[in-house]
Amino acid sequence: QMSEGATFSIVPFINKKALGAVAGIVGAGGNAGAVLSMFLFKKGFTSQFVTGGLSWPDAFLVVGVIVILFSFATFSIRFSPEVETDAKNEFEKANNKRFNLNPA
């Protein structure tokens with residue numbers, strides 16, 4: 001759940017005008033990853049790396065390592081100072097409105 005939160009937390013900053021499309025792509029990527037990871041649990045799965053299939057604990061270990069690697073990849077995402085300033089201003093405006101700090 002933490003890696004999912006880290007991934008979806010950056011969605012609003014990618015493209016505000018296409019927020020739904022970006023969220024859809026991120027969600028579809030998660031579903032594609034789920035389908036691909038289920039091949040690790042399939043009995044009799046063979047490839048050039050794995051012969052005879054994986055046991056459940058080994059498959060969970062592989063999925064866990066992949067999730068950890070991809071969740072740390074979110075730290076590599078950087079935004080321009082203009083985007084960060086806009087996001088900060090919107091956040092402060094929303095908080096002021098929510099808590100009636102600026103009743104104008």
Side-chain angles (χ1 to χ4, degrees):
Q1 291 298 322
M2 291 182 347
S3 63
E4 180 181 346
T7 303
F8 275 99
S9 68
I10 63 168
V11 167
F13 300 104
I14 301 298
N15 187 344
K16 291 186 184 204
K17 293 181 180 175
L19 183 61
V22 173
I25 291 169
V26 170
N31 291 338
V35 169
L36 292 175
S37 68
M38 286 310 296
F39 283 114
L40 293 173
F41 296 97
K42 185 177 178 183
K43 295 253 184 208
F45 172 70
T46 59
S47 73
Q48 64 185 17
F49 305 110
V50 180
T51 57
L54 290 175
S55 67
W56 280 70
D58 290 340
F60 277 117
L61 178 66
V62 170
V63 170
V65 169
I66 291 170
V67 167
I68 289 170
L69 292 175
F70 276 99
S71 57
F72 276 109
T74 60
F75 289 122
S76 67
I77 297 173
R78 299 285 181 245
F79 298 101
S80 67
E82 296 84 21
V83 171
E84 290 185 13
T85 302
D86 289 343
K88 181 181 176 186
N89 291 338
E90 288 177 17
F91 177 75
E92 289 174 354
K93 183 179 175 183
N95 274 341
N96 289 341
K97 187 176 182 180
R98 180 178 175 198
F99 296 114
N100 273 336
L101 297 177
N102 190 4

Is [Y] reachable from [X] through a run of I, L, V, M, F, W or Y residues, each pair having side-chain heavy atoms under 4.5 Å apart?
| X | Y | value |
| --- | --- | --- |
| Phe60 | Met38 | yes |
| Val62 | Ile68 | no |
| Val67 | Trp56 | yes |

Nearest-0.5 Å distance that lies between atom CZ in Phe91 and atom CG in Asn96 |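 Atom-to-atom, Phe91:CZ and Asn96:CG are 10.0 Å apart.
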Distance (rounded to the nearest 0.5 Å) between Ile66 CD1 and Leu40 CG =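 Result: 6.0 Å between the selected atoms.
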Non-neighbouring partners of Glu92 that pass salt bridge (charged side-chain N to carboxylate O under 4.0 Å, His left out), sequence neighbours left out =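 Salt bridge (charged side-chain N to carboxylate O under 4.0 Å, His left out) check on Glu92 returns nothing, list empty.
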